[in-house]
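Quick note on labels: first sequence line is chain A, next is B, and so on, each numbered from 1.
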Number of protein chains: 2
Amino acid sequence: MISDGWRTASLLALASPGGRRALSARRFDTRGPTRDVTTDNARLPTLEDVARLAGVSRATVSRVINGIRNVNPELHEVVWNAVNATGYVANRAARSLVTRRTGTIALVVSDSESHDDDPFMSRFFSDPFFGRVVGGLMSALRPAGIQLALQLVGADQARGQLVGDLRQGQADGSVVLSLHPGDTLPQLLADAGLAGVVIGRPARPVPISHVDVANDRGAALAAEHLVSRGRRRVGMITGPIDVPASVDRSAGFRAAMARLGQSFVPSVIGNFTHESGERGMRELLADNPDLDGVFVANDLMAQGGLAALHELGRRVPDEIAVVGFDDSSAALAARPQLTTVRQPLEDMAAEAARLLMAHIDNPGRETAAVVFEPTLVVRASS
Amino acid sequence: MISDGWRTASLLALASPGGRRALSARRFDTRGPTRDVTTDNARLPTLEDVARLAGVSRATVSRVINGIRNVNPELHEVVWNAVNATGYVANRAARSLVTRRTGTIALVVSDSESHDDDPFMSRFFSDPFFGRVVGGLMSALRPAGIQLALQLVGADQARGQLVGDLRQGQADGSVVLSLHPGDTLPQLLADAGLAGVVIGRPARPVPISHVDVANDRGAALAAEHLVSRGRRRVGMITGPIDVPASVDRSAGFRAAMARLGQSFVPSVIGNFTHESGERGMRELLADNPDLDGVFVANDLMAQGGLAALHELGRRVPDEIAVVGFDDSSAALAARPQLTTVRQPLEDMAAEAARLLMAHIDNPGRETAAVVFEPTLVVRASS
DNA sequence: CTCGATTCGGAGAGCGCTCTCCAAGGGAGT
DNA sequence: ACTCCCTTGGAGAGCGCTCTCCGAATCGAG
């Protein structure tokens, strides 16, 4: 069907830069002076170019590239050769336009109450948390050829804007990282019928998929570890009582300790800051001077607790053992280094990405909650 | 080929809302079962819809929206009303296709030697650095309606891939954050003629714009501060000698100390890690026991240095003052908290974004280097 | 009152891709 | 041998937008 002569001819045509350049130049002449011709002389190859070189139609090249349906294996190879020869890469915008997919998902970092920029940034990016999430997302997204777009939303007004943009197709879906319990964003997303996956359980039940770590099981690991270290009088510094993760950690720890024989766990409530850990530890010891172990609901507070312990002259871990939660940078920075519960964040993020992709591919899919098991990282503080 | 009858029929169908819906439904019926019709019934308004509602042509609406040329003010308002009434938002893909702009810039985090994922992630995301950069970029990009896409590149092979994707128009340009001196990426970008701005001076001169902090001036600030605190025997722990920032800090510190009357500054070389700071401090004091001040080229090493000092029983800052560089999370975590030199990262990132946008708008623009002034953050260690 | 200059808005041609039709060819069944 | 089906590949119609033409309308000047 396809004559060798023709195919050769087309190859020759492509091989001669003159012809191409002329075509290209003419096209851009019509665009007026705003466009600098010098930057465009290297016009990118299109499907058409590949098709011509391969001696087939656009449709066939498209089929080969997208790996669909039935294409003669022989042609298949011819096409791929042409693709490689031209250095063709599909134009995202064009593809997007017709498929109605952007090939992008948004990582939405949502802070309900963005005061200044400062607390927002530092609380969130200050530790490996964000990096681990990004890494995990990437590991799942890259093989699928999907881009990650970063969106930071603070004020509520920005929230509505975001949903609008998302609806319009800025992204096919979003992974939400909420800094505040009871964030309205998950609900907004659900209401708008947008594909989304939340990392961390939302405070109120929302019809949206999420991935989470078994905070209660993590706390239980801490309890088991402390008891296995011979600690019999164990206390706890909890996080805020309106944060789901915090609630689960406290409940899980109490339940595990009860199971292990300590029915009452003296506790004080902190707010996840270094300072509140310091204060919490002082309070806790003031009321219960004979404690020999403390579980602290996050590393930052645990670090503060260690500082307090140091000033109080209590030796760690000899006199009193401390276990944190998160395995953040604070755990390594603390002296002694902190035994802590680690969330498999990379895995969680990767799962979030996969879940999101599943929702995107199948909008009717019902929401799911995937819960991961934490692990204990033993260091010098226990 | 296509009968006029058919064409007329479809036009009529388009004119009547009912017909449109029917057409639309038919279109999606043919897409097979993968597409859930319920999610598509809320088809997004197009320019065409707005134009029809406003009683003008697509072209006019487009002109109004893009704020160009001469449109009758009266019509202008009519069009905007129609836009608001329909809730129209321009389709990025379609616009992209014709403008050849994606409205996206890539934040490329490049690590020349990505061993495992671990050092990559932790070194980079472990501190506010990344967050501050992202925040700064966003502040400049959001007003311009430009998206930020995250790209992590490790292996060299990924580097080539990235350049390919970038060329093809994944993004209009990129801001490069290189973790390793002598990264090839800036050069690759320059060679490919892609718009790019590097944060931090590249090790070798590359024809690409960059923003940087005046590392030498920052070191001078540290020197002036130490001297003003009455320190007369000051030493230094430097960073690796192949990192430009490190070289500038050392040179700047030496020059400033010479100017202030201390012609020789005892130094040891570190590698920016906590451990090397610890070791460096011991070495430095072993050779120069009478030092009363030390400038350390980054906070992590300074933190290590403080730990060594603590173990050696030297009181900080009474007996010996320590000044770090970066104002990272380590500075706050250190005991005592670290006096350190802070880079105006947000401003630098914002400037990088503006510079990049300028390059995008004007491809012929010549490259620029913008250097920012650091500030000194005084805390308890000096 | 006519003519050129100028302003304004519409028509329509693409941007590069996907995917539905449809035609052509080849193999198997009757 | 003929029909029918199945496989394969081409033609071409859009996706929603921008922007160049060009025609119409308005205005001022001669």
Grab the [atom1]-[atom2] distance between [X] and [N] for me, whole Å please.
| X | N | atom1 | atom2 | answer |
| --- | --- | --- | --- | --- |
| A:Arg101 | D:dC15 | CZ | P | 18 Å |
| B:Glu48 | D:dC15 | CD | C1' | 13 Å |
| A:Asp49 | C:dC17 | CG | P | 9 Å |
| B:Leu47 | C:dG14 | CG | P | 19 Å |
| B:Leu75 | C:dG9 | CG | P | 5 Å |
| A:Asn66 | C:dT20 | CG | P | 12 Å |
| A:Leu44 | C:dG16 | CG | C1' | 11 Å |
| A:Arg95 | D:dG14 | CZ | C1' | 17 Å |

Closest to side chain of [X], choosing from [options]:
| X | options | result |
| --- | --- | --- |
| A:Arg100 | D:dC17, C:dG10, D:dC15 | D:dC15 |
| A:Asn91 | D:dA11, C:dG16, C:dT18 | C:dG16 |
| A:Tyr88 | D:dC17, C:dC17, C:dG10 | C:dC17 |
| A:Val98 | D:dT18, C:dG16, C:dG9 | C:dG16 |

Side-chain N or O of [X] less than 4.0 angstrom from OP1 or OP2 on [N]?
| X | N | result |
| --- | --- | --- |
| A:Ser62 | C:dT18 | yes |
| B:Thr99 | D:dT18 | no |
| B:Ser57 | C:dG10 | yes |

Please lay out, stage by stage, how A:Arg101 and A:Asp361 fare under the test salt bridge (charged side-chain N to carboxylate O under 4.0 Å, His left out). CA-CA 10 Å; A:Arg101 288 282 189 83; A:Asp361 288 340; 3.4 Å; yes

On a plain distance test, is the side chain of [X] in donor-acceptor contact with the base of [N] below 3.5 Å?
| X | N | answer |
| --- | --- | --- |
| B:Arg58 | D:dT18 | yes |
| A:Arg63 | D:dG9 | yes |
| B:Arg92 | D:dG16 | no |

Base, sugar-phosphate or nothing for B:Ala90? Non-hydrogen atoms, less than 4.0 Å. sugar-phosphate

Just checking, is any N or O donor in the side chain of B:Asp49 or B:Thr86 under 3.5 Å from an acceptor N or O on the other one?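 B:Asp49 vs B:Thr86: no donor-acceptor pair found between side chains.
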
B:Ser110 and B:Arg159: side chain donor to acceptor below 3.5 Å: yes

Position toward the 5' end of DNA chain C (nearest nucleotide), B:Gly55 or B:Ala94: B:Gly55

Name the residue closer to the 5' end of DNA chain D, choosing between B:Leu97 and B:Ala59 according to the nucleotide with the nearest heavy atom. B:Leu97

Please list, chain by chain and in numerical order, all residues satisfying side chain to side chain contact (heavy atoms under 4.5 Å, CB included) with A:Ser174, sequence neighbours excluded. A:Ala106, A:Val108, A:Leu166, A:Leu189

So among B:Leu185, B:Leu107, B:Val153, which one has a side-chain contact (heavy atoms from CB on, under 4.5 Å) with B:Val176?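 When B:Leu185, B:Leu107, B:Val153 are each tested with B:Val176, the side-chain contact (heavy atoms from CB on, under 4.5 Å) holds only for B:Leu185.
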
For residues B:Ala353 and B:Leu141, report the shortest heavy-atom separation together with the two atoms involved.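 In terms of heavy atoms, the two residues are closest at CB-CD1, 3.6 Å.
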
